[in-house]
Amino acid sequence: MSDKLLCEIFKSSRKEEMYLYVDKRQGVKPVPEALMATFGKPIAVLTMILTADKKLARVNTEEVISAIETQGFYLQMPPAKEDYLLDVHRAQQNARGSAQ
């Protein structure tokens with residue numbers, strides 16, 4: 001794995017909070033067409049040098065670098081909606097309560 005990588009980050013024009021990390025030198029060329037169709041028009045948001053000791057908000061930097069080196073990109077999915085998780089939790093609690 002490289003010590004550092006010049007990374008460009010794009011946000012999706014179709015899916016809120018979905019991001020694509022790529023090697024700045026290659027851009028989105030390695031990204032499969034099917035993924036780009038779902039992702040939509042990539043909107044450049046940031047270019048940065050990634051290093052193993054650099055912290056990213058919601059993803060592991062080493063995983064990002066590794067994925068870019070092996071497949072040419074890293075896709076960051078949107079976080080699960082908290083309301084949805086609360087609904088799942090409530091449903092599980094209700095199921096447990098009615099099973100007793």
Side-chain angles (χ1 to χ4, degrees):
M1 188 164 75
S2 299
D3 293 2
K4 55 185 163 183
L5 175 79
L6 184 59
C7 176
E8 188 159 18
I9 304 169
F10 296 93
K11 72 177 183 176
S12 170
S13 60
R14 294 209 175 125
K15 303 232 184 242
E16 197 173 314
E17 295 189 66
M18 181 183 280
Y19 294 91
L20 196 54
Y21 295 66
V22 297
D23 184 322
K24 172 87 170 153
R25 296 166 300 180
Q26 293 182 311
V28 296
K29 282 184 276 181
V31 181
E33 284 183 36
L35 174 54
M36 289 308 296
T38 303
F39 191 79
K41 183 178 177 1
I43 301 163
V45 289
L46 183 65
T47 299
M48 65 190 295
I49 295 174
L50 288 182
T51 58
D53 60 345
K54 186 172 207 74
K55 299 285 183 225
L56 294 171
R58 291 194 338 237
V59 292
N60 179 304
T61 309
E62 289 180 4
E63 285 180 35
V64 173
I65 294 171
S66 177
I68 292 171
E69 288 180 346
T70 57
Q71 64 186 15
F73 66 94
Y74 176 86
L75 180 65
Q76 178 180 323
M77 299 298 288
K81 296 288 185 219
E82 288 181 34
D83 291 342
Y84 169 75
L85 292 174
L86 283 173
D87 290 344
V88 169
H89 177 71
R90 284 187 197 113
Q92 289 173 341
Q93 293 301 325
N94 291 340
R96 282 191 195 116
S98 62
Q100 292 176 350

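Values below: all heavy atoms of this structure, side chains included; hydrogens, waters and symmetry mates excluded. Counting from 1, the numbers follow the sequence of the chain as shown.
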Kindly give the heavy-atom pair with the smallest separation between [X] and [Y], and that separation in Å.
X     : Y     : answer
Thr61 : Ala52 : CB-O, 4.4 Å
Phe10 : Phe39 : O-CZ, 3.6 Å
Leu75 : Leu35 : CD2-CD1, 3.7 Å
Val22 : Gly72 : CG1-O, 4.0 Å
Gly40 : Arg14 : CA-CG, 3.8 Å
Lys29 : Gln26 : CE-O, 3.3 Å

Could you give the distance from [atom1] ([X]) to [atom2] ([Y]), rounded to the nearest 0.5 Å?
X     : Y     : atom1 : atom2 : value
Leu20 : Glu8  : CG    : CD    : 10.0 Å
Ser12 : Gln76 : OG    : CD    : 12.0 Å
Leu46 : Cys7  : CG    : SG    : 8.0 Å

**Study point:** Path from Met77 to Met36 over hydrophobic side-chain contacts below 4.5 Å
**Key:**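 Yes: a chain of side-chain contacts under 4.5 Å links Met77 to Met36.
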Review point. Should Val31 and Leu5 be counted in the same cluster of Ile, Leu, Val, Met, Phe, Trp and Tyr side chains packed under 4.5 Å apart?
Key: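 Each belongs to a different hydrophobic cluster.
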Exercise for review: Tell me, please, which residues at least two apart from Tyr21 pass ring pair (Phe, Tyr, Trp, His ring centres under 6.0 Å).
Suggested key: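 Ring pair (Phe, Tyr, Trp, His ring centres under 6.0 Å) check on Tyr21 returns Tyr74.
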Review point. How about Arg58: does its CZ atom have over 12 heavy atoms from other parts shown lying under 6.0 Å from it?
Key: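 More than 12 within 6.0 Å, yes.
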Exercise for review: Evaluate whether atom CD1 of Ile49 has more than 12 neighbouring non-hydrogen atoms of other residues, nucleotides or ligands under 6.0 angstrom away.
Suggested key: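 For Ile49, atom CD1 is not crowded (no more than 12 foreign heavy atoms under 6.0 Å).
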Review point. Would you say Thr70's side chain and Ser66's backbone share a donor-acceptor pair under 3.5 angstrom?
Key: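 Answer holds: yes.
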Practice item. Just do the side-chain contact (heavy atoms from CB on, under 4.5 Å) check on Met48 and Leu56 with the steps written out, would you? Key: CA-CA 11 Å; Met48 65 190 295; Leu56 294 171; 3.9 Å; yes
Exercise for review: Scan residues 30-52 for pairs that pass side-chain hydrogen bond (donor to acceptor under 3.5 Å, both in side chains), counting only residues two or more places apart or in two chains.
Suggested key: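 Checked against side-chain hydrogen bond (donor to acceptor under 3.5 Å, both in side chains) - neighbours excluded - the pairs reaching residues 30-52 are Thr51-Asp53.
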Exercise for review: Any chance you could lay out the side-chain contact (heavy atoms from CB on, under 4.5 Å) test for Met18 and Lys11, step after step, and finish with the verdict?
Suggested key: CA-CA 6 Å; Met18 181 183 280; Lys11 72 177 183 176; over 6 Å; no
